[in-house]
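Letters A, B, ... mirror the listed sequences (proteins, then strands); counts begin at 1. Given the structure is predicted, the values throughout are model-derived calculations rather than measurements.
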Amino acid sequence: MSARPATPASPKNVKIKSPEPGQPLYGCEHLQRLFNQDQTTTNTSVAHYKAILRNILEISPANAQTAKSADGPAIITSLTSTYMCLQCPSILTEEDCVKHGSKKSHRFYVDSRSGALYCQMCDDFVWDPTLEELRLTKMATGNFATRKYKQDDLVAPDPIKDNPSYISTNTTIVSCKANGLRGIYNAGATCYQNVVLQSFLHNPILRNFYLSEGHPSSSCDIPYCLSCAMDDMFQDFYAVENTNGYTAANILSGFWISEKKAFENLVTTKEQDAHEFFQFLAEELHERNGDGKKPEIGSEHSCKCIIHQTFYGKLQSTTTCQHCGGVTNQVQSFLDLSLPLENLAQKKGKKAVKTASMTLQECLDEEYIKEDKCEYRCHNCSSMQQARRQTSIKLLPNVLSIQLKRFEFKQGRNERAAKIDTPVSFPLQLNMLPYTSRARTQDTSESFELARSCTYDLFSVVVHVGEIDTGHYVSYCRVRDQWFAFNDHKVELASISDVLGARAYLLFYIVRYLA
Amino acid sequence: MSSGADRTGKAGVIVAPEDANQMEKLAHSVLDDLLYNIVHDLLLKVHRDEKMARANTAAIKIEKMASDASEPSLDSRPDVRIETDAAIYEDGKVLLKGNPLKTTKDILCPRCHLPRLLHPTDGKNAQKPDPGIIYCKKHPYIEKPGFDIYGQTWVAPGPGRGKKKKDMEKKLDPNDTGSPAAMEGSAKDRPPNVLSFPSATCSKCKRCILVTRLNNHMGSCIGNSGRNASRAAAQKISNGGSNNGSQNNDNTPPGSQKGTPLPGSRAASPRKRDGDEFDEDADESDPTNPKKKPKPNPLTKKVILKTKAAAANKKDKVKASSMLAVEQKLEDSKEATVQVAPKKITPKTGPSPAKKLKLGLGGKPNLSAAAPKKKKDRDLESESSETLSSPPR
């Protein structure tokens with residue numbers, strides 16, 4: 001049952017959002033009347049709304065989906081929305097709303113699947129600034145604290161918060177045309193860079209970092225700094241009214257000048273691997289913004305830099321000795337998850353026809369749920385033993401980058417690289433909870449909060465078309481709910497089916513709710 | 001289920017046949033409900049965006065009226081009462097009147113307060129915008145084959161539209177009919193939505209390079225994939241005690257050995273065309289020639305070769321587009337060309353005269369035409385021949 005308190009828990013008086021220019025104060029006239037009755041009504045209404053949101057988001061959906069009118073005997077659980085009365089604990093079906101309304105004069109209901117407020121007198125959903133802010137905050141953070149992560153407008157300027165006249169005299173308003181959607185010219189076989197740059201440009205976390213002067217290029221002295229080049233690029237994409245393609249000359253020269261050892265094999269004018277460039281760029285930006293330590297692969301590296309905050313997570317591998325049962329845990333940081341396709345494709349190929357397709361979740365299952373056998377030197381037995389090894393994700397990153405290893409190097413007499421063209425279907429929304437270490441150690445089937453915190457949304461897909469040694473990279477990026485196809489300098493609208501039908505090479509997922 | 005024993009759910013779209021059993025009916029009902037939810041969610045989202053935009057529009061409009069009504073006061077919340085069909089302005093507050101979806105028809109941009117254009121100007125679902133209205137600059141995206149979301153398209157890298165001309169357009173007087181810039185495809189003849197590839201400045205040598213060649217240029221100008229570096233690396237490797245006995249191991253980095261084609265497979269390639277390629281070809285000629293052992297004196301050779309390569313480059317540019325025009329370089333280049341060991345040039349002379357011929361006969365189109373396209377080809381080719389051994393993983 002809903003844990004709705006009869007009296008508001010907080011003794012403080014609830015305040016209606018203060019008026020903001022360009023925005024009405026209330027969602028509708030009727031809500032205005034409700035909020036203007038007296039302070040107690042406002043307090044109870046807001047408290048009830050919070051309780052309803054908690055009911056929707058924190059406990060089993062069966063609860064909110066079950067209509068149990070206070071006066072009627074009928075209990076109906078529905079897949080479709082029920083209506084939760086804002087003024088009493090009744091949960092009603094759509095049909096019963098009118099009856100309840102005329103009987104009790106309760107006119108406001110909350111949609112049980114979205115938390116949206118319905119006004120019976122308007123006969124419409126209303127979007128009240130005060131209540132809507134509660135809803136978005138609750139959905140984004142899991143509580144009602146007023147840390148501001150607005151779901152759909154992270155960069156919206158907030159001119160009223162500081163002294164408006166100071167801001168207006170010292171800044172220029174960015175043109176409404178500047179929206180971050182530009183192509184990047186191919187500087188000669190650099191499409192592998194362009195796709196990665198686009199995925200960085202449309203990564204909300206990196207975007208906010210650079211647009212909030214995270215690394216202002218004006219105050220950096222490092223010559224040919226790649227982070228400065230990124231800063232300039234973000235400025236050019238989001239602050240300049242230019243729709244022509246971008247020439248990433250600074251990125252390119254920074255890339256050429258970079259002395260990164262791990263990257264030497266990339267420094268040619270030939271076509272290259274986008275994934276390697278992604279790793280290069282991430283490490284380079286970490287070095288410019290981070291603690292200066294080299295991100296060592298295979299060890300646990302914690303750093304507060306923007307790259308670590310964005311991309312890095314932690315893997316835990318548990319090795320269990322088959323002889324003595326001793327368990328060894330090892331934790332290491334990861335920038336991305338690399339999922340091999342070959343083994344799975346072969347396994348599938350045996351069962352089905354050649355054109356077997358698979359899902360991203362199957363690949364993840366293979367790596368982060370199933371166990372494999374290995375040899376290892378057990379400390380207890382002090383000898384080589386058979387062991388079971390299991391890897392799971394200890395810490396999920398904010399941006400989850402997944403590489404599908406489509407390029408496989410075949411060993412043997414005919415040494416050659418081959419591309420695996422098996423279609424791998426991937427979801428727009430990915431639940432990573434099953435692959436976490438927590439899911440391994442405890443039953444998570446009832447942890448709705450936890451599951452929501454492990455929900456990821458796809459925002460960028462990198463696709464390689466062509467053969468192993470030559471081809472072209474294109475990418476898809478999502479801006480709010482619209483997908484765009486990026487082919488070097490050309491940007492076009494893309495449909496969701498275009499995106500999901502692509503043979504992805506790199507996938508970028510962003511966590512839905514920033515904790 | 002809200003539909004009980006019915007044969008369908010709330011949407012009523014997926015209906016079980018009349019003689020269906022209970023499980024079938026339930027399955028149809030569940031599926032139908034899910035469909036209903038999907039539509040419901042989509043509608044709710046659009047509804048939210050639209051209704052909030054209209055409500056804010058009503059607020060923006062009435063705030064504008066209020067500030068107009070109380071002209072002299074600079075107060076951000078003028079003390080007036082204004083009422084429209086959509087809202088009431090009172091005590092600095094905006095209160096809605098009625099449903100903004102009904103009372104407000106247009107949408108004003110919350111930032112620039114100009115009306116939003118509601119339909120794309122071209123392509124799918126296009127509508128002619130009212131020429132009397134100044135719209136917000138954020139337009140709906142255009143969906144039209146061959147054009148991008150802004151309705152832009154690019155000069156195809158085909159005949160007559162190569163890089164040289166592009167460079168000319170920037171520097172030459174467009175009215176000079178004698179210049180190649182005035183030929184078809186020049187900037188002034190093109191509609192404004194047809195863009196050409198821009199040039200960028202190399203951060204090291206500060207030269208202006210067409211964007212499509214930038215990577216190649218930087219590779220040789222900054223990077224260590226230039227011929228000098230690769231030569232140096234090769235030297236290091238051969239000196240560093242790699243005597244595995246492979247015939248052309250000496251001066252080829254191990255990474256590119258496997259992919260190196262047999263001598264001759266590239267030598268006769270008709271594709272060689274311009275300066276940058278000479279640069280690369282010179283590189284490649286070394287590994288392909290098994291006779292060339294490590295250079296006894298790589299230093300001097302390098303210097304000479306460099307001049308030649310650079311010179312060839314310059315010469316090409318000057319000829320084609322007299323604007324980079326470091327005129328004395330032309331002479332330098334001639335000298336340099338002569339200085340270079342003749343046997344290195346001979347295999348390469350093939351393309352050179354051909355190019356000259358084309359320049360003389362047909363003017364620019366052919367030459368410039370081929371450049372960007374060929375470049376791609378060449379990339380592919382060299383890719384397949386050289387980087388196979390180090391494939392993208």
**Q** Tell me, side chain or backbone of B:Leu195 under 4.5 Å from chain A's heavy atoms, or both, or neither?
**A** side chain

**Q** With sequence neighbours excluded, tell me which residues meet side chain to side chain donor-acceptor pair (under 3.5 Å) with A:Asp124.
**A** B:His47, B:Lys51, B:Asn99

**Q** Could you tell me which portion of A:Ser81 (side chain, backbone, both or neither) has an atom closer than 4.5 angstrom to a non-hydrogen atom of chain B?
**A** both

**Q** Can A:Gln65 and A:Ser112 be counted as having a side-chain donor-acceptor contact under 3.5 angstrom?
**A** yes

**Q** For the aromatic rings, using the six-membered ring if either is Trp, is the centroid distance between A:His464 and A:Phe407 under 6.0 Å?
**A** yes

**Q** Could you tell me whether a side-chain N or O of A:Glu492 sits under 3.5 Å from a main-chain N or O of B:Glu143, the two making a donor and an acceptor?
**A** no

**Q** Which one of A:Leu493, A:Ile496, A:Asp498 satisfies the side chain to side chain contact (heavy atoms under 4.5 Å, CB included) criterion with A:Trp483?
**A** A:Ile496

**Q** What part of B:His139 gets within 4.5 angstrom of chain A, counting heavy atoms only: side chain, backbone, both, or neither?
**A** neither

**Q** Among A:Thr247, A:Asn487, A:Leu252, which residue forms the greatest number of heavy-atom pairs with chain B at distances under 4.5 Å?
**A** A:Leu252

**Q** Can you tell me which portion of A:Asn244 sits under 4.5 Å from chain B's heavy atoms? Options are side chain, backbone, both or neither.
**A** both

**Q** Among the options B:His113, B:Lys204, B:Lys144, B:Lys138, pick out the one with the most heavy-atom pairs lying under 4.5 Å from chain A.
**A** B:Lys138

**Q** Ignoring hydrogens and geometry, is there a side-chain-to-backbone donor-acceptor pair from B:Asp33 to B:Lys10 under 3.5 Å?
**A** yes

**Q** Picking from A:Val174, A:Leu31, A:Asn250, which has the most non-hydrogen pairs under 4.5 angstrom with chain B?
**A** A:Val174

**Q** Under 4.5 Å heavy-atom distance to chain A, tell me which part of B:Ile142 shows up: side chain, backbone, both or neither.
**A** backbone

**Q** Of the backbone (N, CA, C, O) and the side chain (C-beta and beyond), which part of A:Ala249 lies under 4.5 Å from a heavy atom of chain B, both, or neither?
**A** both

**Q** Between B:Asn215 and A:Gly188 (side chain of the first, backbone of the second, donor and acceptor by atom type, cut-off under 3.5 Å), is there such a pair?
**A** yes

**Q** Verify, without hydrogens or angle tests, whether B:Asn37 (side chain) and A:Leu79 (backbone) share a donor-acceptor contact under 3.5 angstrom.
**A** yes

**Q** Given a strict heavy-atom distance threshold of 4.5 Å, which part of B:Cys112 is in contact with chain A: side chain, backbone, both, or neither?
**A** both

**Q** Which atoms of A:Asp488 come close to chain B, meaning under 4.5 Å heavy atom to heavy atom: side chain ones, backbone ones, both, or neither?
**A** neither

**Q** Quick one: what part of A:Leu181 sits under 4.5 Å from any heavy atom of chain B, side chain, backbone, both or neither?
**A** both

**Q** Please flag which part of B:Tyr36 lies under 4.5 Å from any non-hydrogen atom of chain A: side chain, backbone, both or neither.
**A** side chain

**Q** Dump the intermediate steps for side-chain contact (heavy atoms from CB on, under 4.5 Å) on B:Trp154 and B:Asp148, then the final yes or no.
**A** CA-CA 9 Å; B:Trp154 275 265; B:Asp148 77 349; 3.6 Å; yes

**Q** Determine the option with the most heavy-atom pairs under 4.5 angstrom with chain B, choosing from A:Met121, A:Arg113, A:Gln32.
**A** A:Arg113

**Q** With chain A, which of B:Val94, B:Leu114, B:Asn56 has the greatest number of heavy-atom pairs at distances under 4.5 Å?
**A** B:Asn56

**Q** With chain A as the partner, which of B:Cys109, B:Pro110, B:Ala87, B:Gly98 has the greatest number of non-hydrogen pairs under 4.5 Å?
**A** B:Gly98

**Q** Consider only side-chain N and O atoms of A:Asp273 and A:Tyr505, and report whether a donor and an acceptor are under 3.5 Å apart.
**A** yes

**Q** Between A:Asp481 and chain B, which part of the residue has a heavy atom less than 4.5 Å away: side chain, backbone, both or neither?
**A** side chain

**Q** Would you say the side-chain atoms of A:Tyr473 and A:Asn186 include a donor-acceptor pair closer than 3.5 Å?
**A** no

**Q** Which region of A:Glu132, side chain (C-beta onward) or backbone (N, CA, C, O), has a non-hydrogen atom less than 4.5 Å from a non-hydrogen atom of chain B, or is it both or neither?
**A** side chain

